[in-house]
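Proteins come first, then strands; the chains are lettered A, B, ... in the order of their sequence lines, and each starts at number 1. Since the structure is predicted, the reported quantities are computational estimates derived from the model, not experimental observations.
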Amino acid sequence: MIVLENVSKSYSTGAPAIKDISLKIDDGEFVFIVGNSGSGKSTLIKLLLKELEPSTGSIEVNGKNLKNIRRKKIAEYRRGIGVVFQDFRLLKDRNVYENVAFAQRVVETPHKIIRRRVPAMLALVGLAEKYRSYPKELSGGEQQRVAMARALVNDPAMLLADEPTGNLDPSNSWEIMKLLEEINNRGTTVVVVTHNREIVEAMNKRVITMHKGVILSDEKKGEYSYENQYSGI
Amino acid sequence: MKISTVAYSCGQGIKNIKRNKLFSLASVGTITACIFLIGLFYIIIANFQYLVKEAEDSVCITVFFDEDIKENRIEEIGELIRKRVEVSEVKYTSGDEAWEEYKNTYFAEDPELAEGFKDDNPLAGSSHYEIYLNDLKMQNAFVTYLKTISGIRKVNFSESTASTLTDFAKMVGYVSIVIIVILFAVGIFLISNTVMIGITVRKEEIRIMKLIGATDVFVRLPFIIEGIVIGLIGAVLPIMALILIYQKIVVYIMTQFQSFTNLVSFISARQIFSVVVPMALLIGAGIGFIGSMITVRKHLRV
């Protein structure tokens, strides 16, 4: 479960990126966070990853207050979260297998399990055949699927996706969304930051809309309509 | 950390060298140049100090005895001198030996001239001890002590030679320390810059590792292994070059300047490289370790 209470984040220069946000995301939920550029969506993901510290307020993930996690324990905390980025962030000098296996090596998984688990994850994202390819040999969609396999290989309780379809064409974007839904159906909490209105509308999930650092609306499954959200801005 | 993880990190460190060929080459080149200079300078200084030491060792104090002294008193004085810690060697020359040596040196071509002194050794009263000290700095104090021993008529020594050599050795020591420290500092600066650039271009890689949940040690270890291996490669090359150059130069000087070699001698390659090799390897590995450790730390705060 993710609980944010009165969270604000200000950078040393400029206006606050997030202003007094409170929200709660239950285990197993699929939530979209939408908004224009500068709305604070990516800052929210960074706060959840403990890449940034909130200026005020508290963030709790699975019962742990992030403020109380010491620097040395951040790695352990992050291992419970799968993360997918817009620009895939694969290790360019390693092949598909090694990129996925890397997440397991980080948590010191025995080789035997890595050899079994990585092919299974690659099969899940439809890339079993391409395990020896390097990122530059893959399409954007394929790279993102590798990133998802890497995010999921340690079986995290939560998956954070920051604009996962931002660099993809519509067809690949839909494939990624289907995958995310499948992952969510297996019980993983999925939080997706996006500004792809079509996808958000079609997916029919809970949608939190942000604008200039505040939550504009938080709509349950089936309530979201882009036209409604932005009519008042 | 599990042994398999350490093995994986070591493997990654080696692979990183191949993956980043250009920066690896630049780092190896910089380390090679710096260690070559440090090694070369050390060899020059060490040989210089060896020469000074040799000159110091050849300086001796000569002790002459009272004319009516008995043989057993000369032996007692010899025992007293030999017991002193500052003494490295004592040589006794009797009056007859002194005359024999004098004859061989000055009357070698006209031995008949020496015949006139056959039964009347003109150097009969010149039996003496030649005393060599461990450290010339102790000469003055030791001469003062010698003058207190009864039976000693005269103590010959060269105060200026001793003090000049001592001062010279001191000066060479100071200058060499200063130059080696400067070379070392410049070396660390150049190498850490090269290593830093190599690591900075990979800061995104470090960031990804950290966001996936890698610990600092896990991220750092391959970089440290990489730094140490680069440092060791960078040390081996100048070691080989220095060994080759040193042997060639010594042989060249010994064969081409034979008269010169009567005055000058070199430290053996085995002796000097027993210091240079571990020193260079330690500097190489140390610089690689420190350079990568410091640079990676900058990028770990993700």
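Applying the ring-ring contact (aromatic ring centres under 6.0 Å, His included) test to every pair with at least one member in residues 108-132 of chain A, sequence neighbours left out, gives no pairs at all.
Atom OG of residue B:Ser4 and atom CZ of residue A:Arg105 lie 9.0 Å apart, to the nearest 0.5 angstrom. Atom-to-atom distance recorded for A:Asn99:CG and B:Ile212:CD1 is 7.5 Å, nearest 0.5 angstrom.
Atom OH of B:Tyr50 has more than 12 neighbouring heavy atoms from other residues, nucleotides or ligands inside a 6.0 Å radius. Annotation: A:Glu129, atom CD; neighbour count of heavy atoms from other residues, nucleotides and ligands within 6.0 Å does not exceed 12. Annotation: B:Ile3, atom CD1; neighbour count of heavy atoms from other residues, nucleotides and ligands within 6.0 Å does not exceed 12. In B:Lys2, the NZ atom is crowded: over 12 heavy atoms of neighbouring residues, nucleotides or ligands sit closer than 6.0 Å. Counting non-hydrogen atoms of neighbouring residues, nucleotides and ligands closer than 6.0 angstrom, the CD atom of B:Glu86 exceeds 12 such neighbours.
Between A:Lys46 and B:Arg207 the shortest heavy-atom distance is CE-NH2, 4.4 Å.
Taking non-hydrogen atoms and a 4.5 Å limit, the residue list of residues 62-96 of chain A in contact with chain B, ordered by number, reads A:Arg71, A:Ala75, A:Arg78, A:Arg79, A:Val83, A:Phe85, A:Arg89, A:Leu90, A:Leu91, A:Asp93, A:Arg94.
Contact of A:Glu98 with chain B is made through the side chain alone, with heavy-atom distances under 4.5 Å.
In terms of heavy-atom pairs under 4.5 angstrom with chain A, the leader among B:Val219, B:Leu211, B:Asn16 is B:Leu211.
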